[in-house]
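Down below is the structure, laid out as structure tokens.
All of these numbers come straight from a predicted model, not from anything done at the bench. Nothing fancy with the numbering, it's 1 onward along the sequence. Keep in mind that the numbers below use all heavy atoms, side chains included, and drop hydrogens, waters and symmetry copies.
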Amino acid sequence: MATLGTQNISTSYVQLIKTSGLTGIDATIQTITDGNNVSSALQLSSAGVNSTGTLNSVGATTLASSLAVTGAATFSSSLGVTGAVTLSSSLGVTGAATFSSSISATTGTNTLGTIASTTITNSGLVTVGTLEIGATGPNITKVSFGTAAFTLSTVQPHNLADTTTGTFALTGAELGDIVIGTVNSLGSTTGTVQIMTNFYPIASNVIRYVVNSKGSTAGTVPAGTIFATAMRFTT
């Protein structure tokens, strides 16, 4: 009897792999089976390859064109992509990921441990735990933004008690934060020619504002809105 290698075909044909069709590989995607017609997770055609199961790569994988992933993708080593990558589900990378082009995410949450990039362009919402500015810092660990109502106030001339002060809530702000703020009605102040503002935290989530007049006469700051941002830095 003829043999397959060193084995008889009658006992080893089940080890052969073949297409599920009758014409061999053509333009139609076909499941690869064994000699007993047991289907594998691999599908082939003259135009592409499909895997219905888990696809693992233990060596280097180079993608010169697009990669479309509809499920979860986990990479335990490096991923180098020179073409387009479309992910409709999650991407988990435990090794190094280098992107020579842009990352565009229109939906979902994107969590990145460390971003090494000279330019980050984002048209949506990005949440960053710690953001380092420049090669050695400083590191921004928290930025809080909020608004508060500002009521009409009379500002005394500089030679009198020339301060208007109050407090407002700014969620996330803490003692030691740098607070930048303004009142959108300062441009309509009457009776004075110089107005100075100061914003600083006095407790968790509480900011004090101070408005000083450096003019020679009392002035009025119309009601408006306070816009304030608290920033926290670490070395």
Side-chain angles (χ1 to χ4, degrees), residues 87-91 99 102-235:
L87 301 174
S88 58
S89 185
S90 61
L91 170 66
F99 298 89
S102 61
I103 302 175
S104 177
T106 57
T107 59
T109 300
N110 303 278
T111 303
L112 302 175
T114 300
I115 303 175
S117 174
T118 56
T119 303
I120 299 177
T121 302
N122 174 61
S123 58
L125 176 64
V126 174
T127 302
V128 180
T130 299
L131 179 63
E132 182 175 283
I133 308 299
T136 58
N139 300 324
I140 301 177
T141 59
K142 179 72 175 181
V143 176
S144 304
F145 173 77
T147 63
F150 180 80
T151 56
L152 184 146
S153 301
T154 297
V155 183
Q156 298 299 323
H158 69 281
N159 57 339
L160 299 175
D162 60 350
T163 299
T164 294
T165 185
T167 62
F168 61 93
L170 181 56
T171 301
E174 296 288 346
L175 291 173
D177 288 359
I178 298 172
V179 182
I180 302 172
T182 187
V183 183
N184 64 356
S185 58
L186 286 175
S188 302
T189 300
T190 60
T192 61
V193 293
Q194 295 182 12
I195 291 290
M196 297 181 62
T197 58
N198 189 23
F199 298 84
Y200 55 93
I202 59 173
S204 297
N205 306 319
V206 180
I207 302 298
R208 180 174 296 282
Y209 67 86
V210 179
V211 181
N212 289 335
S213 166
K214 293 305 177 182
S216 59
T217 59
T220 297
V221 179
T225 301
I226 296 173
F227 294 84
T229 298
M231 294 184 291
R232 192 173 310 151
F233 295 88
T234 60
T235 56

Next item on the list: Would you confirm whether Thr171, through its side chain, and Ala169, through its main-chain N or O, come within 3.5 Å as a donor-acceptor pair?
Entry: no

Item checked: With sequence neighbours excluded, residues passing side-chain hydrogen bond (donor to acceptor under 3.5 Å, both in side chains) with Thr165 -> Arg208

Let me have the donor-acceptor pairs involving side chains of residues 174-189, under 3.5 Å, with sequence neighbours excluded, atom names and distances please.
residue	atom	partner	partner atom	Å
Glu174	OE1	Ser204	OG	2.6
Asp177	OD1	Arg232	NE	2.7
Asp177	OD2	Glu174	N	2.8
Asp177	OD2	Arg232	NH2	3.1
Asn184	OD1	Thr225	N	2.8
Ser185	OG	Pro222	O	2.6
Thr189	OG1	Leu186	O	2.8

Check: When rounded to the nearest 0.5 angstrom, what distance separates CG in Leu170 from CG in Asn205?
Finding: 7.5 Å

Notebook entry, point to check: In chain order, what residues pass the ring pair (Phe, Tyr, Trp, His ring centres under 6.0 Å) check against Phe150, with sequence neighbours excluded?
Noted result: Tyr209

Next item on the list: Would you check, one step at a time, whether the test side-chain contact (heavy atoms from CB on, under 4.5 Å) holds for Thr164 with Val221?
Entry: CA-CA 10 Å; Thr164 294; Val221 179; over 6 Å; no

Item checked: Heavy-atom pair with the smallest gap, counting every atom of Phe168 and Ala148 -> CB-CB, 3.5 Å

